[in-house]
Amino acid sequence: IAERPRFADRADGFIAYSAKFWDWDDWVSEFDWKAKRRANITWPFHVGADIVPTIMYEWGVIPEPPPKSEEPILHERLLEHARKHGLRMPIDLPNGGGLPKELFEKFPDCRTLTMQWSEYEPYQQLHPGDPLLKRLMVDFIRHYEERYGSDHIYLAEFASESRILE
């Protein structure tokens, strides 16, 4: 173990909720620490936040595409930094939540779940068995891989910490 990891894939575990407030130096320190401990898979963060809105535009759900950033956002820069250290990152697939209400209006026959996280307002998400969710995931992976490549690891959380109400 001192010479090399015993297992080919060594995940480092989760990153805390507070990490969303980290800056470049915090993340670089985290990735350096993980690389020194021979981790080669790290928990994902949201790279490609504009991909779902881009898909919604392509599907005719929203009238305009999301604005494109001229410079890479922090998480895009960090993805490149992590990969330079040999850290692979799962693609965090959309779970069908956080979608615009116009999607459910355009596709009224899609199966949905009503979910609630903590005491926040309930929300609708696509049912894991609905073909529209599969289509969303396929389009998401295609866009993600065109933009960032892939480490061929995928994360799909359908309920996570939310309760299914109906």
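Taking every heavy atom of both residues into account, P53 and I62 meet most closely at O-CD1, 3.4 Å. Across every non-hydrogen atom of A82 and F31, the tightest pair is CB-CE1, 3.8 Å. Pairing each heavy atom of F104 with each of C110, the nearest pair is CD2-SG, 3.8 Å.
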Practice problem: Evaluate the side-chain contact (heavy atoms from CB on, under 4.5 Å) criterion for residues L74 and W22: first the C-alpha distance (whole Å), next the side-chain angles of each, then the deciding distance (0.1 Å), finally the verdict. | Solution: CA-CA 10 Å; L74 175 64; W22 291 0; over 6 Å; no

Exercise. In sequence, state the C-alpha distance, the side-chain angles, and the governing distance for M89 and I41, and then conclude on side-chain contact (heavy atoms from CB on, under 4.5 Å).
Key: CA-CA 6 Å; M89 194 167 302; I41 299 174; over 6 Å; no

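For the pair L93/Y144, no side-chain contact is recorded, criterion being any heavy-atom separation below 4.5 Å from C-beta on. In this structure, the side chains of L113 and P128 come closer than 4.5 Å at one or more pairs of heavy atoms.
Residues in residues 50-74 take part in these salt bridge (charged side-chain N to carboxylate O under 4.0 Å, His left out) pairs, two or more places apart or across chains: D50-R147, E58-R142. Listed by first and then second residue, the salt bridge (charged side-chain N to carboxylate O under 4.0 Å, His left out) pairs involving residues 79-90 are D9-R88, E80-K84, R83-D151 (not counting sequence neighbours).
A distance of 10.5 Å separates CG in L126 from CZ in R111, rounded to the nearest 0.5 Å. The CG atom of L99 lies 5.5 Å from the CE atom of M56; values are rounded to the nearest 0.5 Å. Atom-to-atom distance recorded for R163:CZ and S118:OG is 8.0 Å, nearest 0.5 angstrom. The CD atom of E145 sits 6.0 Å away from the NE2 atom of H152 when rounded to the nearest 0.5 Å. Separation of atoms CD (E76) and CG (L78) is listed at 10.0 Å; rounding is to 0.5 Å. We find the CG-NE2 distance between N40 and H85 to be 13.5 Å, quoted to the nearest 0.5 Å.
Shown here are the side-chain hydrogen bond (donor to acceptor under 3.5 Å, both in side chains) partners of T112, two or more places apart in sequence or in another chain: Q124. Not a single side-chain hydrogen bond (donor to acceptor under 3.5 Å, both in side chains) links E102 to another residue, sequence neighbours left out. H81 pairs by the side-chain hydrogen bond (donor to acceptor under 3.5 Å, both in side chains) definition with nothing, not counting sequence neighbours.
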Only pairs under 3.5 Å count here: list side-chain donor-acceptor contacts from residues 131-140, not counting sequence neighbours, and write none if there are none.
from : atom 1 : to  : atom 2 : distance (Å)
D139 : OD2    : W59 : NE1    : 2.9

